[in-house]
Number of protein chains: 2
Amino acid sequence: MNTKSYYSSYPKFHMAVDCIIFGFEEGGLSLLLQKRNFEPAMGEWSLMGGFVEEGESVDDAARRVLTNLTGLKDIYMRQVKAYGEVERDPGERVISAAYYALIDINKQDKELIKAHNAFWVKLDELPHLIFDHDQMVADALSVMREKALSKPTGINLLPEEFTLTQLQSLYEAILGEEIDKRNFRKRIAEMDYIEKTGHIDKLLSRRGAALYRLNPEKYSKDSKFKI
Amino acid sequence: MNTKSYYSSYPKFHMAVDCIIFGFEEGGLSLLLQKRNFEPAMGEWSLMGGFVEEGESVDDAARRVLTNLTGLKDIYMRQVKAYGEVERDPGERVISAAYYALIDINKQDKELIKAHNAFWVKLDELPHLIFDHDQMVADALSVMREKALSKPTGINLLPEEFTLTQLQSLYEAILGEEIDKRNFRKRIAEMDYIEKTGHIDKLLSRRGAALYRLNPEKYSKDSKFKI
DNA sequence: AATGATTAGTGTAAAAACAACACTTATTTG
DNA sequence: CAAATAAGTGTTGTTTTTACACTAATCATT
């Protein structure tokens with residue numbers, strides 16, 4: 001019996017991924033958006049997306065789209081959910097899985113971004129996006145913030161060794177709110193896998209600041225983290 | 001220009017839904033599983049699934065599968081995520097979105113279930129499931145429990161008017177752990193949208209117990225709920 | 001009528017977590 | 001040597017969470 005025939009009577013659909021690419025810089029997050037210079041919805045703003053290819057997992061498609069646009073590889077991406085309304089894309093039916101990523105706003109291939117007519121837009125200045133992309137962004141933000149509260153998130157955007165001020169800025173950007181410095185440091189001090197390296201940074205401040213790193217040997221999925 | 005042609009060069013995929021149907025009864029949750037009497041993976045255990053049809057949203061496909069199996073309509077279902085590994089179904093490539101639902105284990109169409117060769121299995125006695133269905137169940141449980149901690153969940157499984165003991169049993173089943181009675185009642189007392197009706201249940205206990213109901217007019221998405 | 005069984009209903013106190021808050025220190029620059 | 005800058009540090013009050021045990025009402029049994 002030919003196993004390829006079990007499902008042949010069922011319909012097939014275009015499957016896409018849409019990437020919510022958050023860019024971190026001191027002061028807040030931005031989103032990498034595309035001003036569409038192609039149909040459909042030419043001239044409007046949208047997330048960066050792409051179609052899943054034969055023989056490619058949906059996760060891999062998301063990674064490919066991210067790499068094509070930014071040149072970055074091996075970036076943590078997480079699926080938010082799939083969006084499957086019939087008319088979500090008015091052109092033709094497409095089911096799309098949304099993924100988010102968080103990257104350093106200064107570490108991507110500017111040429112590639114320009115070639116795709118993509119721009120960084122601050123989170124609090126977002127234009128209206130096509131289709132259900134506004135919803136995708138809202139969902140992704142909520143998932144990412146939820147995660148950031150209970151797992152170290154985005155530490156890979158900082159240098160290998162970082163100051164607590166840098167770490168706090170990262171968290172303030174992700175959460176979109178200010179954090180009390182003393183309370184923040186108290187909480188970090190409880191996590192033994194974020195450890196002082198003994199090195200001192202002399203570039204970011206006059207006084208100098210202790211450098212820390214995340215010790216991957218001490219960190220596991222069950223390690224406690226609470227901001 | 002024919003809008004139907006924008007995407008025509010991209011591949012298409014079978015799109016399925018898999019339903020994690022939790023059944024509530026005093027004492028714990030069960031899962032409605034299918035002992036497959038068809039290929040592929042005949043004889044093995046799996047979630048109840050189905051293919052998305054032309055002109056049908058993915059959400060609607062999940063609702064249809066639930067209705068076909070249980071006879072139940074208008075049940076809250078929530079998507080967990082989409083699963084898109086290339087080889088996840090060894091027969092042929094299928095992308096699947098997982099949805100969970102929580103229903104009353106005594107309120108479904110037993111004939112339909114029998115016709116589908118489906119059975120209720122206690123959560124702590126689950127067999128190994130085919131493909132990535134174990135992962136789907138784990139993910140769904142985690143999403144549902146997360147939700148139950150911050151939103152009233154499953155109250156529709158109780159009678160219109162219910163006792164606090166019933167509500168506590170529901171929550172103990174969902175969370176899979178015992179809850180302190182006094183602390184539980186204290187927390188419920190803080191939610192003004194769960195209100196005493198003034199009626200007394202005389203069936204479930206000798207003493208009789210005050211009946212409560214969820215007042216939908218007082219309840220909104222932003223209402224506080226914390227177990 | 002009294003006893004036993006069953007489930008409903010109730011409060012307190014200790015511990016832990018969280019939130020608010022301001023000054024001193026080290027260093028560089030002018 | 002004064003000014004500027006960012007790092008670093010504790011305490012206190014408030015809120016939240018947890019642990020814990022007895023009385024009340026009713027029905028069934030004898």
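Here the structure is a predicted model, which means the values were calculated and not measured. Heavy atoms only: backbone and side chains are in, while hydrogens, waters and symmetry mates are out.
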Under 3.5 Å, N/O pairs linking protein and nucleotides 5-7 of chain C:
residue, atom, partner, partner atom, Å
C/dA5, N3, B/Arg206, NH1, 2.9

Contacts under 3.5 angstrom, residues 122-129 of chain A side chains, donor-acceptor by atom type, not counting sequence neighbours:
residue, atom, partner, partner atom, Å
A/Lys122, NZ, A/Glu25, OE2, 3.4
A/His128, ND1, A/Asp134, OD2, 2.6

Problem set entry | Summary of ring pair (Phe, Tyr, Trp, His ring centres under 6.0 Å) pairs that have at least one residue in residues 147-166 of chain B, sequence neighbours excluded | none
For this session: Output every pair passing side chain to side chain donor-acceptor pair (under 3.5 Å) with a member in residues 197-211 of chain B, not counting sequence neighbours, ordered by first then second residue.
Result: B/Glu161-B/Thr197, B/Glu161-B/His199
For this session: Let me know the distance between CG of B/Leu164 and P of C/dG9, rounded to the nearest Å.
Result: 6 Å
Anything under 3.5 Å between a donor and an acceptor, one on a side chain of residues 75-85 of chain A, the other on a protein residue two or more places apart or in another chain? List them.
residue, atom, partner, partner atom, Å
A/Gln79, OE1, A/Tyr99, OH, 3.4
A/Tyr83, OH, A/Asp139, OD2, 2.5

Exercise. Please give, in whole Å, the distance from C/dG11 P to B/Lys181 NZ?
Worked result: 13 Å
Solution key, residues 166-174 of chain A side-chain donor-acceptor pairs under 3.5 Å, sequence neighbours excluded:
residue, atom, partner, partner atom, Å
A/Gln166, OE1, A/Thr163, N, 2.9
A/Gln168, NE2, A/Glu172, OE2, 3.1
A/Gln168, NE2, A/Ile179, O, 2.7
A/Ser169, OG, A/Thr165, O, 3.1
A/Tyr171, OH, A/Ala148, O, 2.9
A/Tyr171, OH, A/Lys151, O, 3.0
A/Tyr171, OH, A/Thr153, N, 3.0
A/Glu172, OE2, A/Ile179, N, 2.9

Problem set entry | Value in whole Å for how far the C1' atom of C/dG9 lies from CG of B/Leu167 | 15 Å
Exercise. Got a sec, which residues hit side chain to side chain donor-acceptor pair (under 3.5 Å) with B/Lys186, two or more places apart in sequence or on another chain?
Worked result: B/Asn183
Problem set entry | Positional range of nucleotides in DNA chain D within the contact set of chain B, heavy-atom, under 4.0 Å | D/dT17 to D/dA28
Problem set entry | Which residues share a side chain to side chain donor-acceptor pair (under 3.5 Å) with B/Arg187, sequence neighbours left out | none
Seminar exercise, completed: Taken in chain and number order and not counting sequence neighbours, the residues that satisfy side chain to side chain donor-acceptor pair (under 3.5 Å) with B/Ser57 are B/Asp60
Exercise. Between the side chain of A/His133 and the main-chain N/O of A/Leu47, is any donor-acceptor distance below 3.5 Å?
Worked result: yes
Exercise. Looking at residues at least two apart in the chain, or sitting in another chain, which of them share a side chain to side chain donor-acceptor pair (under 3.5 Å) with B/Ser30?
Worked result: none
Seminar exercise, completed: Once base and sugar-phosphate atoms are separated, protein heavy atoms under 4.0 Å mark nucleotides 12-20 of chain C, 5' to 3', with B, S and - as B-----SBB
